[in-house]
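Take a look at the structure set out below.
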Amino acid sequence: MISGNKGAETYREITGQAHVWSAALSSIEGKRRSVPAILGKGAGGAPILFAGCGSSYNLSIVAAATLKHLTGFDARALPSSDVLMLPKLVFPRRREHVLVAVSRSGETTETLQALDYFKKNVPGPSLALTCYENSTLAREAGESLVASAAKESSVVGTGSVAAMLLMSQLAAAYAAGSSEFEAELRRLPLLVDGLLRINHPYVRDLAGDRLFQKFVFLGTGPYYGLAADSSLKLKEMALVCSESYHSLEFRHGPIASLDDHTLVFCLSMQASAPYEGKLIAEIKEKGAKTFVICEKADGGLDEADYLVEINSGLSDFARSCLYLPLLQLFAYYQGMLRGLDPDHPRFLESVTKLD
Ligand code: F1P
């Protein structure tokens, strides 16, 4: 930590994630039957919608893709506000759906209203994913998965985001009956501890570089959710200009905005690495700097200016949570560099309510 009490909570929450992840995985042990009974509706063709706001929406992108990958069910993610504003587009017919409503606080207005709309208008079960067992969301949903050890006092969600993602992925493993995927997830708390210990100084030193003024986060498919959340953390904690794109979408216009004050992060999956390796070369040619996080750098990824290899031995989906903490740390240190308090970003509250 750098100085005083500024950012102290956020720092503690980012660096203490191993314990919170273990607790999140244990917390849903008792739901091995109730979760497949709900998500298993997908086997009969019921679409499964994950809905949330901010980070809870971003993690929903990864959660829905994981469920789809493991089960083949029709799962997708939307911002909760789409349910309120465009309900007929979201639920075109009055056929059975499953709603997974995601919210750290369990009190965000759009997500509560989405659940309320669903219960009144759409046949099918609902499942809450939250950190607060007594929240309105946990009380109102048919079933709930609660990461109570991931409650946070800072405004910006960090460990809680990864913990809720992990719970959703374990729930997907239960629904798929995949003990292999479950075993992969159970290795994550130990792995994140090692990853943070080894790479913390590297990320801190890079985040202390005043050269960078613009930031871009790239990820493909489910990893776009991770890129979007990493970009959001940087905006919230450091109040800087930061964007996220699906990796190759960046070539279709945004690449024109690169300059030598831009740092481009690429959160690479093994499935997308061959394409992203070429993209890294193209970005470097334009004068920007590149930072790749990947399982193992090959196919051009090793040409990045900055590189973290995770070397977890895990599959792309099981490994996804591991990308978040280092980039949360980067955002924290950028905020501190700018003299801000990452615990209390301006204009933000820990719960966002509509009047
Ligand atoms: C959603 C959220 C957070 C964001 C900020 C405002 O909260 O958008 O993701 O970091 O704190 O609220 P929640 O529904 O997950 O509690």
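Keep in mind that the numbers below use all heavy atoms, side chains included, and drop hydrogens, waters and symmetry copies. Order of appearance sets the numbers: ligands from 1, and atoms from 1 within every ligand.
Side-chain contact check for Glu276 and Thr220: at least one donor-acceptor pair (N or O, by modelled atom type) lies under 3.5 Å.
Taking the ring centroids of Phe291 and Phe330, they lie at or beyond the 6.0 Å cut-off. Phe181 and Phe317 have their aromatic ring centers separated by at least 6.0 angstrom.
Considering Arg104, Glu236, Met164, Met237 only, the shortest heavy-atom separation from atom 10 (O) of ligand 1 involves Glu236. Remark: among candidates Val161, Thr109, Thr108, the nearest residue to atom 14 (O) of ligand 1 is Thr108, based on non-hydrogen atoms.
The contact set between ligand 1 and Gly54, taken as ligand atoms under 4.0 Å from a residue heavy atom, comprises 8 (O), 9 (O). Below 4.0 Å from some heavy atom of Ser56 lie the following atoms of ligand 1, by number and element: 13 (P), 15 (O).
Between Ser55 and ligand 1, a contact under 3.5 Å exists for at least one N or O pair. At under 3.5 Å, a nitrogen or oxygen of Ser103, whether backbone or side chain, sits near a nitrogen or oxygen of ligand 1.
Looking from atom 1 (C) of ligand 1 to the surrounding protein, the closest heavy atom is Cys53 O, 3.5 Å. For atom 11 (O) of ligand 1, the closest heavy atom belonging to the protein is Val155 O, 3.1 Å.
Between Phe212 and Tyr306, the angle of the ring planes goes over 60°, which puts this pair in the perpendicular group of the 30/60° scheme. Using bins of under 30°, 30° to 60° and over 60° for the plane-to-plane angle, the ring pair Phe91/His97 lands in the perpendicular bin.
Across Leu324, Thr10, Val161, Leu329, a single residue satisfies side-chain contact (heavy atoms from CB on, under 4.5 Å) together with Lys233, and that is Val161. If you run side-chain contact (heavy atoms from CB on, under 4.5 Å) between Tyr323 and each of Val308, Leu267, Leu195, only Leu267 comes through.
Using 4.0 Å as the threshold, Thr352 has a heavy atom nearer than that to some atom of ligand 1.
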